Amino acid sequence: GGTAVIGARMTEWLSRHVELPKTLRLRSPVKITGGHLAWYAGGDISFRGQVTVAGGAQLSLDAVKQPQRLAVQKLTIDDGARHARMTFQFAKDNFDLSFNGELTQQMVDKVFLSFPMKGGSLRGDIQVRASLAKPFRFSARGELSGSHLLIPLRREQALLEKFSIQASGASVQVQSADLRWGKSHLEMSGKITSADDVLRLDGDVTGDQLDWEELQRAFSMERKQRQPAYAGGVSFPVVEGTIRFKADRFTVQGYNLSPLEIKAAISPSVISAEIVRSLVCGVSTTGRFAIAGEEIALDLQLSAKNAPLEPTTVCATSGKSDIKGTYTLEAQVAGRGDREHLLPSLKGRFEISARDGEFVGAAAVDATFDYLNGTGDFKVAFPDLDKETLPYRLVRVKGKIDGETVVGEEIVVQSSWLDVSGQAKIDLARKQVEGKGIIAVLKPVDEVINRIPLIGSIFGASFLGIPVRVAGPLERPQVSYLSPEAVGAELLNMPAKIFGIPMEAFRLFTPKGDAGGTTISK
């Protein structure tokens, strides 16, 4: 019995030795009335008594700390207008917690140094009990609601703006929970049930904006975490169930998925999800993915129909390409591997077509026209995309995805006075391109070529095909003429196959060589 006053240093020292959680450490000075404090040789500490904190709120405290047990058997707080009663016990693998009454920010500030509230409150009547050893057991009863509670994450804090839960037996119904974290706002609801050593989830999560890298930083756990002595032997239950997730914007590796809707199934060995709805750079993306340990498997379908092309090209190329028009896309891609090997594993097919637009800026097209204008071989001026645009009627690309390589097996550009057909391979990892094509100029040969051989007159009504090679860095590839021998039958037949230009009306152009001049062949 008796009365004692404890200052700041003693309060801090006592809190450390009792191993009180930081959120329950008291302000000072602490006045103890009618208290009983016992300290035993084995390290056990117990306290029972009445406490007045910093000359304000009244507390009744009954607590025991042992090497394998921490128990706050009673903690009541009364500031004259409101009161709250709490109990807390962590003994080996058993956890018990109860709360009754109302706790406000004003009460908290009078008592604790850093209780996790920010202008909020906590009210209700709830009891929770869990056995963390195998088999896992959980039971709860009552209801609890609150607002403006701080939740510590790995390196920052989230604010639980408001929540309301009801518990009965082995299940907890989260009626609502609004979480604000960084720039993100999440709304959650659902049910958590304990049965057969498993925690089952069935919930809905909606958000305005989320960043995958930020989520990883916030929720990834340290490989080694210090546990209090009384928490030894703790095992966490298996979690399984279904989460339905919606976000107005989800950012991953610099790309925005706006919006994103996923239905995920969680099991002990794998998380599998169906992408119900997603837009990536304006492209509708659906399909499935699964995460099992370090391995990721995905099977995605991408599509767009009569969509504006310019926003998509600017988004997909970080603003380095700008093509206007209206496009349609169908694509499929699948792969499996860990984070390092997923991209190299990708396989798929795609077809994209665009109509009634213009090239405003495209590195390979611009470089090709600059090269042809610089040779002096032609009377016509090819478009300079630094000064003008190239209108087109149709652009179509059919091809495949092979790891980090995109292969355009059939590339078609149709405009008013020239058509382009070709093939190309783009190495996305090395940012290199290798391609070849034929530029069909839809004008009589003698109106196109500056230095035409004498026999050219008999081909006056023919169309000219200029074979070119494009290779090098994606941002500024090198362009050269392609010899007839390197053209190949497949490329040579493309103008006839795609544009319907009769073979007899089509003439192939290439420089004659060191002697100058040109060669025009059938």
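This structure is a prediction, so every number in the text was calculated from the model and none was measured. Values reported hereafter were calculated over all heavy atoms of this structure, with side chains retained and with hydrogens, waters and symmetry mates removed. Throughout, residue positions are numbered sequentially from 1 according to the sequence presented.
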Residue pair [X] / [Y], side-chain heavy-atom distance below 4.5 Å:
| X | Y | result |
| --- | --- | --- |
| Ile352 | Tyr327 | yes |
| Glu240 | Pro268 | yes |
| Leu186 | Asp178 | no |
| Ile192 | Ser171 | no |
| Phe163 | Val174 | no |
| Ile426 | Thr405 | no |
| Ile126 | Val128 | yes |
| Leu302 | Val333 | yes |

Value rounded to 0.5 Å, distance of [atom1] in [X] from [atom2] in [Y]:
| X | Y | atom1 | atom2 | value |
| --- | --- | --- | --- | --- |
| Met86 | Lys74 | CE | NZ | 12.5 Å |
| Glu143 | Ser168 | CD | OG | 11.5 Å |
| Arg349 | Glu330 | CZ | CD | 13.5 Å |
| Asp211 | Trp181 | CG | CH2 | 7.5 Å |
| Gln73 | Leu61 | CD | CG | 10.0 Å |
| Leu144 | Arg123 | CG | CZ | 9.5 Å |

Side-chain donor-acceptor pair present, Arg48, Ser46, cut-off under 3.5 Å: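 No, no side-chain donor-acceptor pair sits under 3.5 Å.
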
Closest heavy-atom pair and its distance - [X], [Y]:
| X | Y | value |
| --- | --- | --- |
| Gly337 | Ser345 | N-OG, 4.4 Å |
| Pro344 | Glu404 | CG-OE2, 3.9 Å |
| Leu149 | Ser121 | CD2-O, 4.3 Å |
| Asn306 | Thr328 | N-OG1, 3.4 Å |
| Val205 | Ile243 | CG2-CG2, 4.2 Å |
| Ala195 | Arg200 | CB-NH1, 3.4 Å |

Hey, does the side chain of [X] reach the backbone of [Y] with a donor-acceptor pair shorter than 3.5 angstrom?
| X | Y | value |
| --- | --- | --- |
| Glu351 | Leu329 | no |
| Ser184 | Gln209 | yes |
| Asn256 | Ser258 | no |

Is any side-chain N of the basic residue among [X] and [Y] closer than 4.0 Å to the acidic one's carboxylate O?
| X | Y | value |
| --- | --- | --- |
| Arg336 | Glu295 | yes |
| Arg288 | Asp299 | no |
| Lys398 | Glu409 | no |
| Arg396 | Glu410 | yes |
| Asp402 | Lys425 | no |
| Lys191 | Asp202 | no |

Candidate pair Thr326 and Leu309, rule side chain to side chain contact (heavy atoms under 4.5 Å, CB included), full reasoning: CA-CA 5 Å; Thr326 301; Leu309 181 58; over 6 Å; no

Arg355 vs Ser353, side chain to side chain donor-acceptor pair (under 3.5 Å): CA-CA, chis, key distance, verdict: CA-CA 7 Å; Arg355 296 185 178 276; Ser353 61; 5.5 Å; no

Side chain to side chain donor-acceptor pair (under 3.5 Å) between Gln50 and Ser60, intermediate numbers included: CA-CA 5 Å; Gln50 307 295 317; Ser60 294; 2.6 Å; yes

Parallel, tilted or perpendicular, as decided by the 30° and 60° cut-offs, for the rings of Phe136 and Phe138: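 Correct class here is parallel.
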
Worked check of side chain to side chain contact (heavy atoms under 4.5 Å, CB included) between Ile262 and Phe250: CA-CA 11 Å; Ile262 290 176; Phe250 189 87; over 6 Å; no

Residue Arg137 excluded, over 12 heavy atoms near CZ under 6.0 Å: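 Yes, CZ of Arg137 has more than 12 neighbouring heavy atoms, counting only those of other groups under 6.0 Å.
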
Heavy atoms of other groups near Arg129 CZ, more than 12 under 6.0 Å: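 Open: at most 12 neighbouring heavy atoms sit under 6.0 Å from CZ of Arg129.
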
Pair listing, side-chain hydrogen bond (donor to acceptor under 3.5 Å, both in side chains) test, anchored in residues 260-280, at least two apart: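 side-chain hydrogen bond (donor to acceptor under 3.5 Å, both in side chains) check on residues 260-280 returns no pairs.
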
Val283/Thr312 under side chain to side chain contact (heavy atoms under 4.5 Å, CB included): CA gap, chis, key distance, verdict: CA-CA 8 Å; Val283 177; Thr312 298; 4.1 Å; yes

Those residues that, when tested against Arg141, pass side-chain contact (heavy atoms from CB on, under 4.5 Å) (two or more places apart): Gln127

Verdict with reasoning, Ser176 to Lys162, per side chain to side chain contact (heavy atoms under 4.5 Å, CB included): CA-CA 8 Å; Ser176 66; Lys162 60 180 179 179; 5.6 Å; no

Audit row: Ser98, Thr87, side chain to side chain donor-acceptor pair (under 3.5 Å) steps and yes/no: CA-CA 5 Å; Ser98 72; Thr87 66; 2.4 Å; yes

Given Thr76, Thr52, Asp78, the one that forms side chain to side chain donor-acceptor pair (under 3.5 Å) with Gln58: Thr52

